Asks: 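Provided herewith is a single structure, encoded as C-alpha cells, for subsequent inquiry.
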Amino acid sequence: MHEFEQHLRQELNPQQYKAATTFERPLMIVAGAGSGKTRVITYRIAYMLSRGIPQNQILALTFTNKAAREMRNRIAELTGRKLRQLTISTFHAFGVRVLRDAIVELGYRDNFSIYDTVDQLALLKETARELHFSLDGEDLKAILTLFSDIRTGRREWTDESDRYRELFNEFRKHLRVYNAVDFDDLILLPIELFRARTDILDRYRDRFRYFLVDEFQDTSKDQYTFIHLLSSESRNLCVVGDDDQSIYSWRGADYRNLLQFERDYPEQTQITLEQNYRSTTTILEAANGVIRNNTNRKEKKLWTGEESGRPIELFYPDNERLEAAFIAERIRTLALRERIRYEEMCVLIRTNSLSRSIEEAFLAENLPYRMTGGTSFFDRREIRDLVSYMRLMANQDDDMSLLRILNTPRRGFGRKTVEVLDRIARAGRCSLYSAIVQALHAADSPLPRRVTVDLEAFVELIHEFRDRLLKNRRDMANTLAALIERIDYWQHLVSEHPTNEKLARWKYRNIELFCESLGKWERHPDNLEPTLFNYLNRISLQSRDDEEDSEDSGRVNLMTIHAAKGLEFRVVFLVGCEDGILPHKRALEEDPANVEEERRLFYVALTRAMEKLYLTSCRERSIMREIVACSPSPFLGEIPHSLVEMHEPEEPVEQAEARDYFSLIRAKLGQQ
DNA sequence: GTTCCGTTTTTTTTT
DNA sequence: AAAACGGAAC
C-alpha cells in the first residue's frame, strides 16, 4: 500500500480517511464543530500531492488570509515541500489575481484601486453632495448595504428604496471614472469577465482542475457562481462546511448554496464528520442543547469520547466593571493554580465595543492580552493618509485618495478650491487629478494665482514620488520615508494634536512601523514582484485578524465571536450573555428570523471551548453612557440546567438573588 | 476662503 | 469618549 495512505489510516478516523482520500469527484464534507476539519483538508491536499496531482492544478479558497496561510503552512509541514505552485487564497485575493490578469478586457486600467467601506462612505457623501441629495438623518451604512444588495441581486428596487436609485447610478459611475473597484466587484467582475470571454475562462479551467472551498456555509451566491464557473467542467469540487456555523448571512452568505451544490453536482459524495475531538461532553451537550432549537438544519449528532469534564460556570455580575474584574481574577487564578497558559484562554465578545471594559480591567490588573480585530492597523488615520498618497501615485484617477491628502498636511486648499476643481472634472467627465492638470494648463484658469502655484507644487510632488515608487525596485520604503520627510508629516501630527504630544509621537511611531513592514515585504526573498500595485492590493485585502502574527504569545486572547471561528481554546469566557447583545437587538429589529443566526453565533462561541466555559450576564450595563437594566440571554435557558453551575459570589445574599434570577429566566422561557 | 471650536451623534458582525 | 459636522472667527 501507498506509504502516505497508511499514515492517513493511522491518523484519521474512517470518515476522515474517506474524506481525505476522495478527490476524483465532487465531495461535500459536513464537518461539525471540532471534528478535525482543518486536519482533513490539509491531509487531503497532501494526499493529492502524494498521488501525483501537480500543485498548480489545485485551487483552495478560504475566507481569511489567516486561514489560507495556516493551511499552507500545515501542508508544507506535512509534505516537507515548498509549495510554490499551490494556490491557497481567499476568494477576494483570487478575484484580484484574475482582475490583474485581465481587467483591461472590461474597460478598466490595470492600476485599479480597491475601495473599502471607508472609501465607499466618502464616495457616497461626495456623490450625494453633487446630486444635492440630502443625507441628513440617513443611515449611510444601510445605504451602502442596499447598494451592495442591489448589485449582487439580493434585493430589488422597491417604491421605498427607489429614491436612492439615481444616487446608486452616480455612485457606480464614479467608481468607474476613478478606476476603482469595491469588494463586491472582486467577485462580480471576474464572473462578468468569464462570461464575456470564454477563452479566458477556458484558460483558468485548463490551469485548475481540483477545487476546494473551506467554510462553504459562508459563501455568497456570487462566490458560488464564481467557483461553479471554474469547476463545472473538471467537476472535482470539494466543499467543506457546517450549516450550524453559518454566521455571515448579513454579508451575503447563503446557506442555500448547500442545496445548489447538491443539484449542480448530483454525482457528489457526502461525508459527515460527527466525532468531536475538541470539547468535553459537558460543553458539547450544552452546545447541542442550544443548536437543537434551530429549524432547517442538517441533522447531526456530535459526540465525543471525552469524559464529562467540568461544569459550565454562569455568573451574574452587577455591571460590566465587575464582569471584567471577575474574568481577570479567574484568568489569574487559572494561570496560577492550574498552570493554564494565557494564550490558551480566550474572552469572546459579540461586539467590538464590549472590549473596552475588559481591556481596562486587563490593563489595571497587568494581564497581558491580545485583541484580534478591532480597528485594523491600516484603518488608523495616519496610515490611511500615507496609503492614500501611495494609492494616488499608483492610480491618479483615485479621487477619494486625492481628496484625503490634497490638504493633508494643510496646503491652503479648502472647500472652494475643491468645488472649482470638481466643476472642471464633471464638465470633462474626468477625475479630479486630471482636472487639476487641466486647470494648470488652461489659459484662463478659474483659480486664484496663489492656489494655482500651490497646486503646481502639489502635482510636482506627486509626480516626483510616483516616478521613484514605480521605477526603483525594492526601494519603496526609503521613498516613502523621504516623502514623509518632505511633507513634514511630523509637524502635521504636532499641529493636529497641539495638546497631546504623546499621541502625536505614538502616531509617528505607527508610521515608522508601516515603513518598516513595507521594507520587510519588498525585500522578502519569496516576493518576486514587489510592485506598488501588489503592495496596495495586498493591504486592502488584509483583514484585522491577520496582521503580523507576532509570535510573542503568552497573552490572553480577546476577540469577537466572528473572529474566533475556526479557533479553539482550553478556557473560554463568553461576555455579555444578555438579551439585546446576544441575540443582538439590531439583528432582531432587522428581521426577527435572525434569531437563528444569533443562536448559531452563540453555538460557535460555546464550541470554541475545550475544557472550561464561563458565561457572564450583567444585571446592568452602561450603553452609550446610559445605565441600562439587562436581562439574561434567552439562549442561556436552552443549555441543559444540569450542566451549569452558578458562580458563588462572596456575599450569600447575592447568591440567593442570583438563583432567583436563574429561575426567572426559566419562567420566562416557559412562557414562550 | 480657510481654520477653529463647540455641538451632536454614535456601537453588529468583516472580506 | 471620540469622531464628525456645522457655524463663527480669522
Side-chain angles (χ1 to χ4, degrees), chain A residues 61-68 89-96 114-118 120-122 125 129 135-137 139-142 144-145 148 181-187 215 218-220 222-223 246-253 348-356 360 372-376 378-379 381 407 410-420 447-448 450-451 454 495-496 498 500 503 537 539-546 559-565 576 580-590 594 597-598 600-602 604-605 621-626 628:
Chain A
L61 293 175
T62 62
F63 273 80
T64 63
N65 296 300
K66 191 181 182 183
S89 152
T90 64
F91 268 100
H92 290 89
F94 190 70
V96 170
I114 299 172
Y115 275 14
D116 63 15
T117 319
V118 178
Q120 292 192 64
L121 235 35
K125 286 179 200 161
R129 183 159 38 210
L135 290 175
D136 287 350
D139 183 350
L140 301 190
K141 291 206 183 111
L144 288 182
T145 309
S148 170
V181 301
D182 61 20
F183 284 132
D184 289 332
D185 287 326
L186 295 181
I187 311 297
E215 307 283 11
D218 286 327
T219 45
S220 68
D222 297 315
Q223 286 167 330
S246 163
I247 53 176
Y248 281 101
S249 73
W250 49 273
R251 209 179 69 190
L348 291 179
I349 50 186
R350 168 72 240 260
T351 66
N352 280 306
S353 57
L354 292 177
S355 74
R356 191 183 215 113
E360 276 168 5
T372 18
T375 11
S376 156
F378 296 100
D379 276 343
R381 220 204 193 101
N407 207 29
R410 301 256 138 93
R411 295 188 176 90
F413 307 133
R415 213 182 63 213
K416 191 69 189 179
T417 308
V418 173
E419 243 167 53
V420 173
L447 292 158
R450 184 193 62 76
V451 173
D454 290 342
S495 63
E496 285 285 287
N500 195 343
L503 180 64
N537 287 341
I539 62 174
S540 338
L541 295 178
Q542 198 132 49
S543 69
R544 293 125 199 263
D545 62 319
D546 50 35
M559 63 184 83
T560 64
I561 303 172
H562 283 90
K565 201 167 68 154
I581 292 183
L582 192 58
H584 199 276
K585 198 164 141 239
R586 281 190 74 160
L588 297 188
E589 274 167 11
E590 213 170 76
N594 284 339
E597 176 145 323
E598 296 290 308
R600 287 193 292 269
L601 215 37
F602 189 65
V604 168
R621 179 182 292 281
S622 52
I623 298 169
M624 278 193 263
R625 96 181 220 263
E626 238 175 320
V628 181

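No experiment lies behind these values; they were computed from the predicted model shown. Each chain gets a letter, A, B and so on, in the order its sequence line appears, and its residues count up from 1.
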Asks: Test for a donor-acceptor pair under 3.5 Å between the base of B:dT12 and the side chain of A:His584, counting only N and O atoms.
Replies: no
Asks: What's the closest nucleotide to the A:Ala587 side chain, out of B:dT12, C:dA4, B:dT15?
Replies: B:dT12
Asks: Can you find a donor-acceptor N/O pair under 3.5 angstrom joining the side chain of A:Arg251 to the base of B:dT13?
Replies: no
Asks: Rounding to an integer number of Å, can you tell me how far A:Asp454 CG sits from B:dG1 C1'?
Replies: 13 Å
Asks: On DNA chain B, compare the nucleotides closest to A:Glu598 and A:Arg411; which residue's is nearer the 5' end?
Replies: A:Arg411
Asks: Give A:Lys565 one of three labels, base, sugar-phosphate or nothing, depending on what nucleic acid heavy atoms sit under 4.0 Å from its own.
Replies: nothing
Asks: Ring centroids only, cut at 6.0 angstrom: are A:His562 and A:Tyr248 within range, meaning strictly under it?
Replies: yes
Asks: In whole angstroms, how far is the P atom of B:dT14 from the OH atom of A:Tyr115?
Replies: 24 Å
Asks: Calculate the interatomic distance between A:Ile561 atom CD1 and B:dT14 atom P; express it in whole Å.
Replies: 11 Å
Asks: When all nucleic acid strands are considered with a 4.0 Å heavy-atom cut-off, which category describes A:Arg600: base, sugar-phosphate, or nothing?
Replies: nothing
Asks: Could you tell me whether A:Arg586 and A:Asp139 have a side-chain N and a carboxylate O separated by less than 4.0 Å?
Replies: yes
Asks: Please give, in whole Å, the distance from B:dT15 C1' to A:His562 NE2?
Replies: 13 Å
Asks: Do A:Arg600 and A:Glu597 sit within salt-bridge range, that is, some charged N less than 4.0 Å from a carboxylate O?
Replies: yes
Asks: Once ring pair (Phe, Tyr, Trp, His ring centres under 6.0 Å) is applied, do any residues pair with A:Phe602, and if so which ones, sequence neighbours excluded?
Replies: A:Phe635
Asks: Can a donor-acceptor pair under 3.5 Å be found between the side-chain atoms of A:Thr351 and the base atoms of B:dT12?
Replies: no
Asks: Could you state the atom-to-atom distance from CH2 of A:Trp250 to C1' of B:dT15 in whole Å?
Replies: 9 Å
Asks: Phosphate oxygens OP1/OP2 of B:dT2: is one of them under 4.0 Å from a side-chain N or O of A:Thr417?
Replies: yes
Asks: Here's a test of your reading of the structure: between A:Phe63 and A:Pro448, which maps to the more 5' nucleotide of DNA chain B?
Replies: A:Pro448
Asks: Minimum heavy-atom separation for A:Val451 and A:Phe413, please, with both atom names.
Replies: O-CE2, 3.9 Å
Asks: Select one nucleotide: of B:dT15, B:dT14, B:dT12, the one nearest the side-chain heavy atoms of A:Thr90.
Replies: B:dT15
Asks: May I ask you to verify if any side-chain N or O of A:Asn407 is less than 4.0 angstrom from the OP1 or OP2 atom of B:dT2?
Replies: no
Asks: Start at the 5' end of DNA chain C and walk down; is the nucleotide closest to A:Arg356 or to A:Leu140 reached first?
Replies: A:Arg356
Asks: Report which part of the nucleic acid A:Glu590 touches: base, sugar-phosphate, or nothing (heavy-atom distance under 4.0 Å, all strands).
Replies: base
Asks: Just the rounded figure in Å: distance from C1' of B:dT13 to CG of A:Asn594.
Replies: 11 Å
Asks: Using whole Å, report how far CZ of A:Phe413 lies from P of B:dG1.
Replies: 14 Å
Asks: A:Asn352 has a side chain; which of C:dC5, B:dT13, B:dT12 sits nearest to it?
Replies: B:dT13
Asks: Give a yes or no answer on whether the side chain of A:Asn594 reaches the backbone of A:Ala587 with a donor-acceptor pair at less than 3.5 Å.
Replies: yes
Asks: With a cut-off of less than 4.0 Å, is there a side-chain N or O of A:Ser353 near OP1 or OP2 of B:dT12?
Replies: no
Asks: Establish, with yes or no, whether the OP1 or OP2 oxygen of B:dT12 is under 4.0 angstrom from a side-chain nitrogen or oxygen of A:Lys141.
Replies: no
Asks: So A:Phe91, base contact, sugar-phosphate only, or nothing? Heavy-atom distance under 4.0 Å.
Replies: nothing
Asks: Mind checking which stems touch DNA chain B? I mean at least 3 consecutive Watson-Crick or G-U pairs, both distances under 3.5 Å.
Replies: B:1-10 with C:1-10
Asks: Can you list the residues that meet the ring pair (Phe, Tyr, Trp, His ring centres under 6.0 Å) rule with A:His584, with sequence neighbours excluded?
Replies: none
Asks: State which of B:dG1, B:dT3, C:dA4 makes the closest approach to the side chain of A:Arg410.
Replies: B:dT3
Asks: Under 3.5 Å, side chain of A:Asp222 to main-chain N/O of A:Ile187, donor-acceptor pair present?
Replies: no
Asks: Just by distance, do the side chain of A:Asn537 and the backbone of A:Ile114 share a donor-acceptor pair under 3.5 Å?
Replies: no
Asks: Can you find a donor-acceptor pair, distance only, under 3.5 Å between A:Arg350 side chain and B:dT12 base?
Replies: yes
Asks: In whole angstrom, what separates A:Ile247's CD1 from B:dT15's P?
Replies: 12 Å
